[in-house]
Peer 1: 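Below is a structure I'd like to ask you about.
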Number of protein chains: 2
Amino acid sequence: MEASPVNKMLDAMSRQGFRITDQRRTLAHIFLEDGGYLSPKDVYEKLSKFYPSVSLDTVYRNLRTLSDIGILEQFYFMDGGLKFKACSLNHHHHHLICMNCEKTVSFDYCPMDHLGGIPDDFKVINHRFEVYGLCESCQELSEQEKTSPQRENE
Amino acid sequence: MEASPVNKMLDAMSRQGFRITDQRRTLAHIFLEDGGYLSPKDVYEKLSKFYPSVSLDTVYRNLRTLSDIGILEQFYFMDGGLKFKACSLNHHHHHLICMNCEKTVSFDYCPMDHLGGIPDDFKVINHRFEVYGLCESCQELSEQEKTSPQRENE
DNA sequence: CTTCCTGCAAATCGTTTGCATCAGT
DNA sequence: ACTGATGCAAACGATTTGCAGGAAG
């Protein structure tokens, strides 16, 4: 009944010295089932179905903790605010993010492998590379609705 | 005394039916002089030097307005929150961001020019590429103080 | 049993809004 | 003059924190 990834996630938590509470177990399920980005409120609502007494601040706390230890990754959507998703515990990659439906597709290219022109007195620790756009299905939608804003500065 | 881009910006404003107030004129100067991303508070502080009585909410109002009409663009930095910068003044570039002092250095390399392996049914609209690390001076500091946190997930 | 986790409530931070006044056109 | 812009203060939403009780190891 439990897919392996859930255990992997829980495992990672306990290995980092965090306790496996029911909420966290459920949190793992929620993220792995959904696969996409969830706002704290989304998570709270989903979690409430299992634990009606859960409090929003616990959700926040756990989201932050899990992000810190690299189990979740967070993105800020210009319109939807901060959201979290399970990060693939697999290999390094980046994402295409659909600006409409928020679905993500990962790809392997990493600019850091090809990077040039960075002053070498700067010590690189981390990086972020995301490509935003429209996935195929959302493109079709927007062609019909013509909701695409024009920008006009050179 | 006025550089042309400032007037261009002000022009755009009045063309859209907005009044040219002193604050907005100064706002234009601030953004064009700085060239980089500024948080509302940054702007407020800079603006305060010229107009000690300026209020933060006016700054917010103007930042939003100017973003709406495409004079400023906004970006959310995972650590620094929402920031604004004058739209496409210069050429396209990305940033090195010092995780300690938050100073940014721009560099020209853009991964989009070299990108491969993106499914072509995805319509790219925008992208974000930021490199985080330590600038030279902060490296020296952290070597002395050994404040660098370790992360250890695979 | 000890320490971490949780729920509650209150605090805090960033941002927005209502309103009367002031300034640009 | 008319209308939009500003400053103030208060409202607001999202996120964080202090604390006491409860659960995981």
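Numbers restart at 1 for each chain; the letters A, B, ... are given by sequence-line order, proteins then strands.
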Peer 1: Base, sugar-phosphate, or nothing: which does B/Thr21 touch, judged by heavy atoms less than 4.0 Å apart?
Peer 2: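 Sugar-phosphate only.
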
Peer 1: Quantify the bending of the helix from C/dC1-D/dG25 to C/dT25-D/dA1 as the angle between its end axes, each fitted on five pairs, to 10°.
Peer 2: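 One end axis against the other gives 40°.
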
Peer 1: Around A/Phe50, counting heavy atoms of other residues, nucleotides and ligands shown, do more than 12 lie under 6.0 Å from its CZ?
Peer 2: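 No, CZ of A/Phe50 has 12 or fewer neighbouring heavy atoms, counting only those of other groups under 6.0 Å.
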
Peer 1: Using OP1 and OP2 only, check whether a side-chain N or O of A/Gln23 sits under 4.0 Å from C/dT6.
Peer 2: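 It does, given that an N or O in the side chain of A/Gln23 lies less than 4.0 Å from OP1 or OP2 of C/dT6.
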
Peer 1: Using atom CD1 of A/Ile20 as one end and atom P of C/dT3 as the other, report the distance to the nearest whole Å.
Peer 2: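 To the nearest whole Å, that distance equals 20 Å.
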
Peer 1: So, the side chain of A/Gln139 versus the backbone of B/Asp121: is there a donor-acceptor pair under 3.5 Å, distance only?
Peer 2: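 Pair found, side chain donor or acceptor close to backbone of B/Asp121.
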
Peer 1: When you measure from the side-chain N and O atoms of A/Ser55 to the phosphate of C/dG7, is any distance below 4.0 Å, counting only OP1 and OP2?
Peer 2: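 Yes, within the criterion.
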
Peer 1: Could you state the atom-to-atom distance from CG of B/Leu27 to P of D/dT6 in whole Å?
Peer 2: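 Atom CG in B/Leu27 sits about 9 Å away from atom P in D/dT6.
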
Peer 1: Does B/His92 form a ring-ring contact (aromatic ring centres under 6.0 Å, His included) with B/His127? I'd like the steps, not just the answer.
Peer 2: CA-CA 11 Å; B/His92 181 73; B/His127 63 284; 5.0 Å; yes

Peer 1: Could you tell me the separation between the OH atom of A/Tyr44 and the P atom of D/dG13, rounded to a whole number of Å?
Peer 2: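 Atom OH in A/Tyr44 sits about 16 Å away from atom P in D/dG13.
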
Peer 1: Under 4.0 Å between any heavy atoms, over every strand shown, what does B/Ser53 touch: base, sugar-phosphate, or nothing? Just pick one.
Peer 2: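 Sugar-phosphate only.
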
Peer 1: If I take atom CG in residue B/Leu56 and atom P in nucleotide D/dA10, what distance separates them, rounded to the nearest angstrom?
Peer 2: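 My rounded result for the distance is 16 Å.
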
Peer 1: Please give, in whole Å, the distance from C/dG14 P to B/Arg61 CZ?
Peer 2: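 My rounded result for the distance is 18 Å.
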
Peer 1: Taking for each residue the nucleotide of DNA chain C bearing the nearest heavy atom, is the 5' side occupied by B/Leu82 or by A/Arg24?
Peer 2: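 Looking at DNA chain C, the more 5' nearest nucleotide goes with A/Arg24.
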
Peer 1: Is any side-chain N or O of A/Arg64 closer than 4.0 Å to OP1 or OP2 of D/dA14?
Peer 2: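 No, because none of the side-chain N or O atoms of A/Arg64 sits under 4.0 Å from OP1 or OP2 of D/dA14.
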
Peer 1: Are the aromatic ring centres of A/His95 and A/Phe129 under 6.0 angstrom apart?
Peer 2: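 No, the ring of A/His95 stays outside the 6.0 Å limit from the ring of A/Phe129, centre to centre.
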
Peer 1: Within a reach of under 6.0 Å around CG of A/Asp113, are more than 12 heavy atoms found that belong to other residues, nucleotides or ligands?
Peer 2: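 Yes - once you tally the heavy atoms of other residues, nucleotides and ligands closer than 6.0 Å, there are more than 12.
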
Peer 1: Rounded to whole angstrom units, what separation is found between the CD atom of A/Gln16 and the C1' atom of C/dT3?
Peer 2: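 In whole Å, C/dT3 C1' and A/Gln16 CD are 18 Å from each other.
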
Peer 1: Check the distance between C/dG7's C1' and A/Asn62's CG and give it to me in whole angstrom.
Peer 2: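 Computing the A/Asn62:CG to C/dG7:C1' distance gives 12 Å.
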
Peer 1: Measure from the side-chain heavy atoms of B/Asp57 and tell me the nearest of D/dT17, C/dT15, C/dT16.
Peer 2: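 Nucleotide nearest to B/Asp57's side chain: C/dT16.
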
Peer 1: Expressed as a whole number of angstroms, how long is the span from A/Tyr51:OH to C/dT6:C1'?
Peer 2: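 Interatomic distance, OH of A/Tyr51 to C1' of C/dT6: 13 Å.
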
Peer 1: One pair to check against ring-ring contact (aromatic ring centres under 6.0 Å, His included): A/Phe75 and A/Tyr37. What are the steps and the verdict?
Peer 2: CA-CA 8 Å; A/Phe75 279 140; A/Tyr37 286 95; 5.0 Å; yes

Peer 1: With nearest nucleotide decided by heavy atoms, which residue, B/Tyr60 or B/Arg19, maps closer to the 5′ end of DNA chain C?
Peer 2: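 The residue whose closest nucleotide sits nearer the 5' end is B/Tyr60.
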
Peer 1: Nearest heavy-atom pair of A/Pro40 and A/Phe84: which atoms, and what distance?
Peer 2: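 Smallest interatomic distance, heavy atoms only, reads CG-CE1, 4.1 Å.
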
